Amino acid sequence: MKNFVTVTLAIFICLAIGVDSTDSNTAVDLASLADIVCKSKKVLYYRDGYKKFCELSKKIICPRTGKTPDPESVSCKATESPRIRYQMIKVHKAVCQYEGRDETTKKVQALMQDAGQCMYY
């Protein structure tokens, strides 16, 4: 019985560490995406369905990079870059499922949920 409790406790600790790791990866991925898409005069997005994500998140993630001084005035521009496509799909899903403590990620998540962008995740 003592071994069962020890093993069960070890499993729960591993699961908790795994979830926290996933959440911190989401914040890092969001910052990485911001570095890729935020430019001085435009914000890039993958053309197939990610314009709303761009419009919602540019006000929060782009000022953190320092590349976009006034995110309100820049426009979202479509691209077909496979790198941006991969990052946007990955980050969009991860932000919708985020349960961590990073404030920037939580702000983006709240905007996306209010706009109905997380309905399928």
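Atoms considered below: every heavy atom in the structure, side chains included; atoms not considered: hydrogens, waters and symmetry mates. Keep in mind that this is a model prediction, so the values were computed, not measured.
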Could you give the distance from [atom1] ([X]) to [atom2] ([Y]), rounded to the nearest 0.5 Å?
X    : Y   : atom1 : atom2 : value
H92  : S57 : NE2   : OG    : 9.0 Å
S32  : K90 : OG    : NZ    : 8.0 Å
D35  : Q87 : CG    : CD    : 10.0 Å
T26  : L33 : OG1   : CG    : 12.0 Å
T104 : I60 : OG1   : CD1   : 8.0 Å

Heavy-atom check, side chain of [X] versus side chain of [Y], under 4.5 Å:
X   : Y    : value
E80 : R85  : no
L56 : V108 : no
Y98 : L30  : no
K52 : E55  : yes

If you group Ile, Leu, Val, Met, Phe, Trp and Tyr by side-chain heavy-atom gaps below 4.5 Å, do Y86 and V37 land in one group?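 No, it is not one cluster - the side chains of Y86 and V37 are not joined through contacts under 4.5 Å.
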For atom NZ of K67, is the number of surrounding heavy atoms from other residues, nucleotides or ligands below 6.0 Å larger than 12?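 Atom NZ in K67 is crowded, with more than 12 foreign heavy atoms closer than 6.0 Å.
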Give the minimum heavy-atom separation between L44 and C54, together with the two atoms involved.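 Shortest heavy-atom contact: O-SG, 4.4 Å.
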Non-hydrogen atoms of P69 and S40 that approach each other most closely: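 Looking at all heavy atoms of both residues, the shortest contact is CD-O, 4.4 Å.
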Main chain of [Y], side chain of [X]: is a donor-acceptor contact present, judged purely on distance under 3.5 Å?
X   : Y   : value
K58 : V74 : yes
K39 : I36 : yes
Y45 : D48 : no

Between K107, Q113, M112, which is the residue that forms a side chain to side chain contact (heavy atoms under 4.5 Å, CB included) with Q109?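 Result for side chain to side chain contact (heavy atoms under 4.5 Å, CB included) with Q109: Q113.
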Specify whether Y50 and Y46 have parallel, tilted or perpendicular ring planes, treating 30° as the upper limit for parallel and 60° as the lower limit for perpendicular.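 Rings of Y50 and Y46: tilted, 30 to 60°.
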